[in-house]
Structure formats: structure tokens, C-alpha cells
Amino acid sequence: TPPIRSPEGHVHELSLMADLVTAVTNEVGDARVHVVRLAVGRRSGASAHALRFCFEVCARGTPLEGAAIEIQETPGDELRLEELEISEDG
């Protein structure tokens with residue numbers, strides 16, 4: 001069976017976003033996430049466009065569904081969660 005791929009074929013980004021959504025969901029519990037901010041280095045090997053696409057797919061049915069994702073592209077190789085905006089009341 002071939003791996004699941006986004007239209008651009010970015011399996012790496014799909015895995016990264018699945019891990020991110022799981023980690024954030026475990027951290028925030030029932031709180032609603034409104035904004036996710038990431039720093040993504042140009043040398044990280046991850047495509048900002050693919051990360052956005054994969055985020056929408058992975059966030060479905062979680063507290064992150066409908067959240068905005070803001071990606072700051074940097075010259076380095078980092079791939080880092082910078083900040084979350086959440087509310088406790090959903």
C-alpha cells in the first residue's frame with residue numbers, strides 16, 4: 001500500500017503536522033486553539049505551503065480545527081512551535 005500523500009506528495013510534512021496536532025491536543029485538553037505560530041527554517045526541509053495544507057487535514061475533529069496557522073519563514077534549519085493562542089471556554 002502506498003503512503004498517504006497530500007496533492008504535492010509531502011509525506012514528511014503530514015507526519016510533522018500529525019505529531020504537532022497530537023502534542024498540542026494533549027497539552028491544551030478541551031481548550032480551543034485559535035492560532036498556531038511556527039518558525040520554519042528554509043533549510044529545515046519542510047515546505048511552509050505543505051505544512052499549511054497538512055495542518056488543515058490533521059486538525060479536523062480536534063481543538064485545533066478552524067485555528068489559523070501562521071508560519072514565519074527563517075533562514076536557518078529550525079522547525080519550532082513558537083506560540084499558541086487558546087481560550088478555555090471553547
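In what follows, residues are counted from 1 in the order of the sequence shown. In this text the structure is predicted, and so the values were computed from the model without any measurement.
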About how many Å separate CD of E78 and CD of Q72, when rounded to the nearest 0.5 Å? 8.5 Å
Cluster overlap F53 with V21, hydrophobic side-chain contacts below 4.5 Å: no
Here the pair of heavy atoms bringing G29 nearest to P63 is O-CG, 3.5 Å
Exam field: side chain R32 to backbone A67, donor-acceptor pair closer than 3.5 Å: no
Salt-bridge criterion met for E82 and R37 (N-O under 4.0 Å): no
In Å and rounded to the nearest 0.5 Å, what is the CG to CD1 distance from L20 to I69? 7.0 Å
Minimal heavy-atom distance between I86 and A31, with the atoms involved, is CD1-CB, 4.2 Å
Ignoring hydrogens, what is the shortest heavy-atom contact between H12 and G45? Give both atom names and the distance. CD2-O, 3.9 Å
Would a 4.5 Å heavy-atom cut-off, applied to side chains only, mark I71 and R52 as touching? yes
Between T25 and L64, which heavy-atom pair has the shortest distance, and what is it? OG1-CD1, 3.5 Å
If we ignore hydrogens and angles and just use 3.5 Å, is the side chain of T22 paired with the main-chain N or O of D19 as donor and acceptor? no
More than 12 non-hydrogen atoms from neighbouring residues, nucleotides or ligands closer than 6.0 Å to CD on E27, yes or no? no
Mind checking the NE2-CG spacing from H49 to L51? Nearest 0.5 Å is all I need. 10.5 Å
Among residues at least two apart in sequence or on other chains, which ones pass salt bridge (charged side-chain N to carboxylate O under 4.0 Å, His left out) with E56? none
Derivation of the side-chain contact (heavy atoms from CB on, under 4.5 Å) call for E70 and V35: CA-CA 7 Å; E70 298 176 1; V35 180; 3.8 Å; yes
Say you draw a straight line from CZ of F55 to CD of E65; how long is it, rounded to the nearest 0.5 Å? 10.0 Å
Side-chain heavy atoms of E13 within contact of L79, under 4.5 Å: no
Residues A18 and C58: closest non-hydrogen pair is N-SG, 3.6 Å
Can you hop from V24 to L16 via hydrophobic side chains spaced under 4.5 Å? yes
Quick one: are V33 and V28 in side-chain contact, heavy atoms under 4.5 Å? yes
